[in-house]
Amino acid sequence: MTFLDASIFWASSFVAIAATLIVIISRNPFYAVLYLILSLFGVSMIFYTLGAPFLAALEVIVYAGAIMVLFLFVVQMLSPAGSPATMPDIQRPSLIQLIFPALLSTILVIVVVLALLRSGSMVGTEATNVVSARELGIALFTHHYLGVELASLILLIGIVGGMHLGRAAGIQDETEVKVALR
Amino acid sequence: MDTMTSIYPSLWLIPGLPALAALLIFIFSGSIRPRSAGWIATTGVAMSFLWAIFSFIVYNNATSKGAVFFHQIGWKWLDAGFVQANAGLLLDRVSGIFALVITGVGFLIHLFSTSYMENEEGQRRYFGFLSLFVASMLILVLADNAFFMLIGWEGVGACSFALIGHHYEKRENVAAALKAFFVTRFGDVFLILGVLLLAMIGTVDFTRLETFGLADLNIVHPVFNLTFGQLLVIAGLLLLGGAAGKSAQLPLQTWLPDAMAGPTPVSALIHAATMVTAGVYLIARFHIVFALSPELMMVVAVIGVLTAFYGATCAIVQTDIKRILAFSTISQIGFMMLALGVGAFSIGLFHFFTHAFFKALLFLAAGSVIHALHGEQNIFKMGGLRKELPGVFLATVAGTIALAGIPLTSGFFSKDAILWSALTSDRGNILLYGVGLTTAVLTAIYSARLIYVVFLGAPRADYHLHAPSPRQTWPLYILAVFALFAGFLNVPGLLHWEHYFQPHFKGWASEPSHNLTGEIIAAAVSAVLAVAGWFVGSVLFSPKRMVEGRIIPEPAMDPMAIRIETASPYRFGVANFLYRAWDFDHLYATLVTRPYRKISKVLSWTDEYLVDGIYEAGSVILQLFHGFFVTLQNGRVGRYAAVMLFGAALIALLLTFFGSGNL
Amino acid sequence: MLMLTLIIPLAGALFVLLAGRVNATGARVVALISTVLSLQVAYLLAAQARFAVIEVDNLWIPSFGVHFALQADWIAALMVLLTSFLSVFAVAVSWREITERVTSFHVWLLILQLGVTIVFLARDLMLFYLGWELMLIPMLFLIGSWGTGRKEYSAFKFVLFTFTGSIFMLSSMLYLYYRHIVDTGVASFHMDDLLQVQLSQGEQWWVFLGFLIGFGVKAPLLPLHTWLIDAYPNAPTAGSLMLSGVLSKTGIYGLFRIGESFAPVGFSDFRPLLIWLALAGIFYGAWIAFSQRDIKRLIAYASLSHVNFILLGIFIASDEGFKGAILQMLCHGISTAALFLIAGAIQHRISDREFDSLGGLWRIAPAMGAFFLFFAFASLGLPGTGNFVGELYITAAALEYHWVIGGLTAVAVLFAAFYSLRLFTAAMHGPEPAALPNFPDTNSRENLLLSVLAIMLIILGLFPSVITAPINTGTLPTGIETRMRNLSETNYSSNHIMLSHHSTLPITVADAALLQEAEQ
Amino acid sequence: MISWLNVLPEAILSVSAVVLLIVSTLAQSGPMRDLLRWISIFAIAAASAALIYTSGKFGLSVDGWTLATPFTTSVSLVLLSLVAWAVLTSPIPDTSAGEWFALLLFAALGSVVLARVGNLAALFLGIEVLSLTLYIMVGFKYTSRLSLRGGVMYLVLAGVGSAFLAYGMALVYAVYGTLSIAELRASTEGVTMPLIALFGYGMFLVGVGFKLAAVPFHMWAPDVYEAAPSSAAGLIASASKGAAIAALLPFSFLLNSHFLIIAALCAGSMIVGNLLGLRETRVKRILAYSSIAHVGYLLLGFLTIKTELPASLPATMTAEGAIVFYIFVYGISALGAFTALGAMRSQTVVSLNDLHGLGRTRPIPAACLLLFVISLAGLPLSIGFWGKLYLFSTAFKAGFLKLAIIGLIGSAIGLFYYVRIIVHLYMVSPEMNPRSETEQTSSFQNAVLIASAAAVVIFSIFPDMLYFLIRGIY
Amino acid sequence: MPFAEPALVVATILFFIGVTGVIVRRNLLFVLMSMEVMLNAAGLAFVAGSALHGEPDGQIFFLFILPVAAAEVAIGLALAVLIYRKFQTLDLWSIADAAGE
């Protein structure tokens, strides 16, 4: 445990939390996506400090690189006249709306913190090893291949869904389309 | 056990024949002519009469061989716990006399009705119920136990209801029918309780009633915690309640005057000769129960004499011919009760016997008059009918003098005997005698009033007379003969009525004194008073006075305009009070009828809104909850997620505070 | 025989469905044949059950301990007889009244009959409950589809009340089941098994309360009766007839066959309260009936009053009380059925049943008037009809139980007279209505039906022992059994104290004749 | 490679889904489209055969991902049969038929994975397979605004639910360091759970509760059910719910630590679910509320799992048995009700008034709906009665009297809205119906409806037969 | 690793920020983003758990969360596009209040 490690951890944690907070209160979807990407970077750094460098990479590549880009596309697509800041119906959540969920969330967070404090160290000796990509790969394809299979199917389902719903996206006049499904 | 009885006439035929007639009429009412109904009914009753005579003769022959009664058990009827009863018939002296009168008078009235009802509507219904009534009445008197008797007892009530309401198009007739049924039914509640009580502590089998006399009155009953003697008094009072209801005794007499709404022959048969004397029969039947306690007997006597007085006072001021007779009936049954109450059971029955004839006669005669006058019942609209209806007039005179107790008529013999017993029997006293005698005088007065106002003097209205047919007059003559001469049945040495009943009532009857001189003096007193009463009546209501319009008591309005529902037709308060029959109706309306209606309405409301309201309120509460939960469902994702978060927080808090402990 | 009582309605329902494809009359005829057949079977069953208890017992659902156990003792057989008897009438009265969806009407009717029959015969609690719930849906349809007035509301109310009640009943049953498993480790719903369960007093209270609510709703016991006031009047005639004639009996039957059997202590602890409740019900129903202005509502309240009479008998359940109650169950079934039949006939003719639009009908409908009068009298307990005997027995039992209760019971009889005759006079007496539509008298079918009912009542009134004599205490709850024996015995013994039966009696004519012959 | 055989059912289902997608490109229209239905049925049948073949032979397989005990096999079979039923009765959409049937097969796959779950990851992935499938199915009718709205609502909320699930699992994993349910069970035995694990399981229950639509995680149900096509709604109510409760079954050790929570969910569902339906006027929403209530009954059964029963009782009387039975009974009734409703009214919003007189104009689907509703209400002569009775008697056997009575009272309240459906269906004349036109159903669909309605009645007379069919076919 | 437990707390905070976002945001895009945050936070918690025990299962679980998140977003965004087309808005409140059909 070095100071560097600690400072990286705490700094990235702060970044992640702060960026996420901004995401949920921001008005501009464009900025929100960017802040979310920032938050994901923060989480990625935490992964790194937790000894999961492979996941840290994946986080950036898949989350930030793929999913968030998808978001950006859609934001772009749906923004009138290409300017997302002017989307009329996006409002910042008011304080009154925030109070109830924030209160409950705070309670829950406090419960978790208390629980962690009370239980002390959960594991006698904390492991210090870094799980490498190789280890991960071996575990994945020896013990968890069914999971891989299912995960791939989930993506397939996503594709099927996208395909079906996307079919409608290209059609302007819906009265021509008869989706006779009861 | 009764294989032997088959050699004796079957008693079942006596009620069976009229019942059969009624059944035929009802079943074929759609296909027979109205007139045939009358003949079927009359034939049924006539045959029943003949069979009753035959049975009675056979029975009397058997009594000479030592038998006490004639008992035929049909089948085991009731069988549960202490409620044990056969369906069986019993012919003895009491039921024999009753059966004879019922069938005999019944036959005459049926005959009369065939003419009286000739052009009326609903003849089949009329005769059906009339026959059914006779059958029920016969079961009432012939039943061998009190439970079976109840069939007849209620049966006659039901027929009475149907017949009073025969002309149901008028609401007041219906009201009268209902009143009659309800009041008697009120009495029946007591009767049923009394019978049940007796059955519980002893027996209500008429052949075994004597065993009451053998019981120890001081034993304490385990269920009621009262002594046997006390229980008997209670049972007797309950029976008396039933008897008072049926026999229109105080305080349940109010229904009888109203019951005159029925056709007149019905009044003659049911409300004069037979049904209303059922109470007399009941007490005579249960004489042992009554005789076992002097207090009970005194109650019977007092009620009887008071009712007699009450009826006579009311009769004096009535203007409706049938109401006069109705009050007279109340009064006369009061005399019978007086006789029973002083222990002169056989005399009571004797008065029933004579009364049946002369009162039936009077009613039928009144019916003839009403029939002839096309339904007019106000006596002040009559007058001078002697010339128009001579036969009816003569018959009525015979009836009224018997009613008034003019010497040597049947009424004289029976009433005098009652008064004598009231004076001299162990249970009698001078007070009873005095009131009885006063009543006798009043009786003579209103009897005379009836004759003078209705038949003598000049006609007071235009008549379009409708001459009675022979079928109407002959029954009158036959009854008149009995009314005049039936009294000789109780002349010592000739056919001694009291002696005949001696084996039945045995020592339970209280013998009046047999002091011959005293008897003669008393007879003379009553004879003189009866004649005097008649004289007073003839003076007060002489045709001359009537012509001058000086009617006593003095009316406050045109006498011809007096109607039944008129509240105060006279100048004098007392007269009005009497006219309104001592205001009993008003009293009961205030005390019973109106509150009952009110309670019923209030409860109805309560049920609809309060009791059901509880459930409705429950459903409203559920709906409120429903409303609360549904308002949460507004279709907004944020709200739904918030509820989820709330649930999660709840789970977290529960876990934090309760840990893994099970509650 | 037992199975036939169930198979015939079921098969009948199927055949009605088939026949309904042809035409409506076909459905009616098949339904009639089916009910008449089941009446015949029920008669044969009763004839056998009179002498011996008939039983069928098969394990039905082993995983659950449910037995297909039927038992017909005399009382059960009587109730089945009443059910099938009234079912015939239900079909017959609907002959002209029901013109829409005739097939389904009769199918529901037969299913209803099936359910009721199961209830009366079941010797297994779950089978009983099954039959109990089986009555719900048919009745829902009968009222809701073919009823009048606020029919859907009434149907709803009926179903919800009954079902809610039966929830409590089911809780009690399941509790018994649970206790039986705890005690013996064997799962069974068979009543004979569950009767072995020994419950503490507290448990019995709760169990009995559950049963009481379940059965009390159906009977109905005060204050669970409010559904009745809507359901009876608004049901079609056949529905009212089955509701009042049969379904209310299932509640009463369950109360003593199940409620008392399984929680005798609970029953006896609640008994004084229940007796007062029943008495209150008698008065309550009778008093309210008096001020009703709707024929069927009046009959409904009257029925409430009468049913509480029966309940009183059941609660007291001495020899007289129990016999009276059984007898009254039959007679009330018949007389109320007849009254509903007449009310239905009137309603069918003038589409109205308010007093205001009635009156003076006797003249134009003499036969109907005569029957109406007879059944009004029967309903007030006129001697000669079975109702009298039933009420007399119950009054006797009440008197024996306590003189106050006996006195009040006797007074209640009076109020029956008030509303019964008011009902009759309001409809039949009075001036003829000025503008009356065509009002035909009862036709020959109705005459036949009413005559049969009247004759039945008279037979029951004159020969009540036909019903009461074979009542065999062997199959009844022990509580009733002992009470029937004990109270009767105290009575007879008290009788012996008071009077000696063998004292010198007057001799009868027959005796005299014998004596004379002996002398000669 | 014995352990490979163990995933044969899953493999068959996924491979056939892919095959179906390929075939569908060739069979876009015409009679070939019926082929898709039969391929699906064939796939499900083959998967069932594989399930039966593998049942109990290999024990834990694939490192604890699936658990092929006889019990899980029977649960899987029940769920597969429900999906098969949906496949049989589902109308074939004009476009995207291949996708539709592929999605149904994916739903079957998810159900089987959940029924045989042996591992937290399998649980998560199974639920996700099922959920993603259902999002698409709910939003399948993309021309309908309501459908899209429901789809997106389900997507968001189910995402939140899955996140809760994953988060809870993560906390549990953080405590115990294992994903295997068996190991988790072993590690809780006789040990007090640390609060963080309690909390983790609590969040896990939130996720499962969401899938079950247990109160207070039920909010989505009415909107989604209403938006979804009938078959999809039926699947959400039956297979998805059944799979979720089946996935919960291995976690019976939670009854030691989370009894109160589960009991609260159970009682809340039974009461609130029934209360919600009380005055609802839209039929599909009524069925949704009813499904909430039924989750309560199922949870009541779940609560009793740990109870020791006397050894002399037949093995069939276990709580697990009651639950499986009920999954089938409720599933078939709910599916049937939705399908019968869809057969009469195809529009998205069906109000009670739209049902007026259908009992007369469409007697066959109406009668089927009647029977299914009776079964849902738990009235006799329907298997619903026995299902409910199994559950409640189990609760009584376990001594949970209060909960059982709450449930019974709840079902009494619930009767109100079931009866309302019946009343509107049968007791109002057709003239009162605001819509005169009705749908036409294929005779095939009718036949399936009639057959299953008949099964509802026939099995109610022989409930044990059904029970042994479910539990003892292999 | 020493940061495992703090990382759990961070994951928790992120998770509940995500929940709050889902609750308070009215725009579908933001709601979807919040959902991503939640899933991501769950993944973080798994990785923290994995670090705590030094074994790969948790990380593998994160690998499973990834495609799930991707698939959800894919379908979610597809729906978003359709909804925008239908309702001319992504405001979930307006969508909820809009008349059906």
Side-chain angles (χ1 to χ4, degrees), chain A residues 1 9 13 16-17 20-21 23-24 29 32 36 40 43 46-47 49-52 55 58 62-63 66-67 70-71 74-75 77-78 89-91 93 97-98 101-102 105 108-109 112-113 116 122-123 126-129 131 135-136 139-140 144 147 151 154-155 157-158 161-162 165-166 168-169, chain E residues 1-10 12-14 16-21 23-27 29-30 32-34 36-37 40 44 47-48 50-57 59-60 62-64 66-75 77-82 84-85 89-91 94:
Chain A
M1 173 179 168
F9 177 81
S13 297
I17 292 169
T20 314
L21 274 175
V23 169
I24 69 158
L36 188 51
L40 292 173
V43 173
I46 299 175
F47 283 179
T49 57
L50 287 174
L55 294 191
L58 273 185
V62 177
Y63 257 115
I67 300 177
L70 197 60
F71 264 103
V74 173
V75 170
M77 210 165 107
L78 300 184
D89 53 353
I90 298 180
Q91 291 141 7
Q97 281 175 316
L98 267 169
S105 298
L108 283 159
V109 172
V112 172
V113 172
L116 282 171
M122 279 179 285
V123 184
E126 261 186 39
T128 52
N129 58 321
V131 178
E135 259 179 275
L136 209 59
L140 198 59
H144 300 303
I154 282 173
L155 287 172
I157 294 169
L165 297 173
Chain E
M1 290 289 135
F3 306 119
E5 293 189 11
L8 272 181
V9 175
V10 172
T12 306
I13 293 171
L14 284 176
F16 286 106
I17 290 175
V19 176
T20 312
I23 293 172
V24 299
R25 291 314 301 235
R26 298 171 55 171
N27 189 288
L29 288 175
F30 283 86
L32 286 175
M33 279 186 245
S34 306
E36 287 306 307
V37 170
N40 190 41
L44 174 56
V47 175
S50 164
L52 213 51
H53 296 276
E55 55 118 55
D57 277 5
Q59 299 197 16
I60 286 169
F62 179 77
L63 286 179
F64 295 145
L66 265 183
V68 167
E72 295 227 5
V73 164
I75 299 171
L77 287 177
L79 281 171
V81 172
L82 281 175
Y84 191 74
R85 208 175 279 277
T89 180
L90 286 177
D91 186 86
S94 334

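Order of the sequence lines fixes the chain letters, A, B, ..., with proteins taken first and strands second; residue numbering starts at 1 for each chain. When reading the values below, keep in mind they use all heavy atoms of this one structure, side chains included, and skip hydrogens, waters and symmetry mates.
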Could you tell me which residues satisfy side chain to side chain contact (heavy atoms under 4.5 Å, CB included) with E:Ala80, sequence neighbours excluded, listed by chain and number? E:Leu28, E:Leu90
Please examine the side chains of [Y] and [X], heavy atoms only from C-beta on, and report whether any two atoms are closer than 4.5 Å.
{"X": "E:Tyr84", "Y": "A:Val74", "value": "no"}
{"X": "A:Ile24", "Y": "E:Val37", "value": "no"}
{"X": "E:Leu63", "Y": "A:Leu136", "value": "yes"}
{"X": "E:Val24", "Y": "A:Pro101", "value": "yes"}
{"X": "E:Asp57", "Y": "A:His144", "value": "yes"}

Looking only at non-hydrogen atoms, find the nearest pair between A:Gly51 and E:Gln59 and report the distance. O-NE2, 3.7 Å
Closest non-hydrogen atom pair, E:Leu29 against A:Phe71: O-CE2, 3.7 Å
Between chain A and each of [options], count heavy-atom pairs under 4.5 Å; write down the option with the most.
{"options": "E:Leu44, E:Leu32, E:Asn40, E:Leu77", "value": "E:Asn40"}
{"options": "E:Ala70, E:Ala78, E:Pro67", "value": "E:Pro67"}
{"options": "E:Ile17, E:Val10, E:Thr12", "value": "E:Ile17"}
{"options": "E:Ser34, E:Ala74, E:Ala7, E:Ala71", "value": "E:Ala7"}
{"options": "E:Val68, E:Val73, E:Leu79", "value": "E:Val73"}
{"options": "E:Ile60, E:Val19, E:Val9, E:Thr20", "value": "E:Ile60"}

What distance separates A:Leu50 CG from E:Ser50 OG, expressed to the nearest 0.5 Å? 8.5 Å
How many angstroms lie between atom OG1 of A:Thr20 and atom CG of E:Leu14, to the nearest 0.5 angstrom? 4.5 Å
Could you check whether the rings of A:Tyr63 and E:Phe62 sit parallel, tilted or perpendicular, using 30° and 60° as the cut-offs? tilted
Go through E:Glu36 and A:Leu40 one step at a time and tell me if the side chain to side chain contact (heavy atoms under 4.5 Å, CB included) criterion holds. CA-CA 10 Å; E:Glu36 287 306 307; A:Leu40 292 173; over 6 Å; no
Set of residues satisfying ring pair (Phe, Tyr, Trp, His ring centres under 6.0 Å) with respect to E:Phe30, sequence neighbours excluded: none
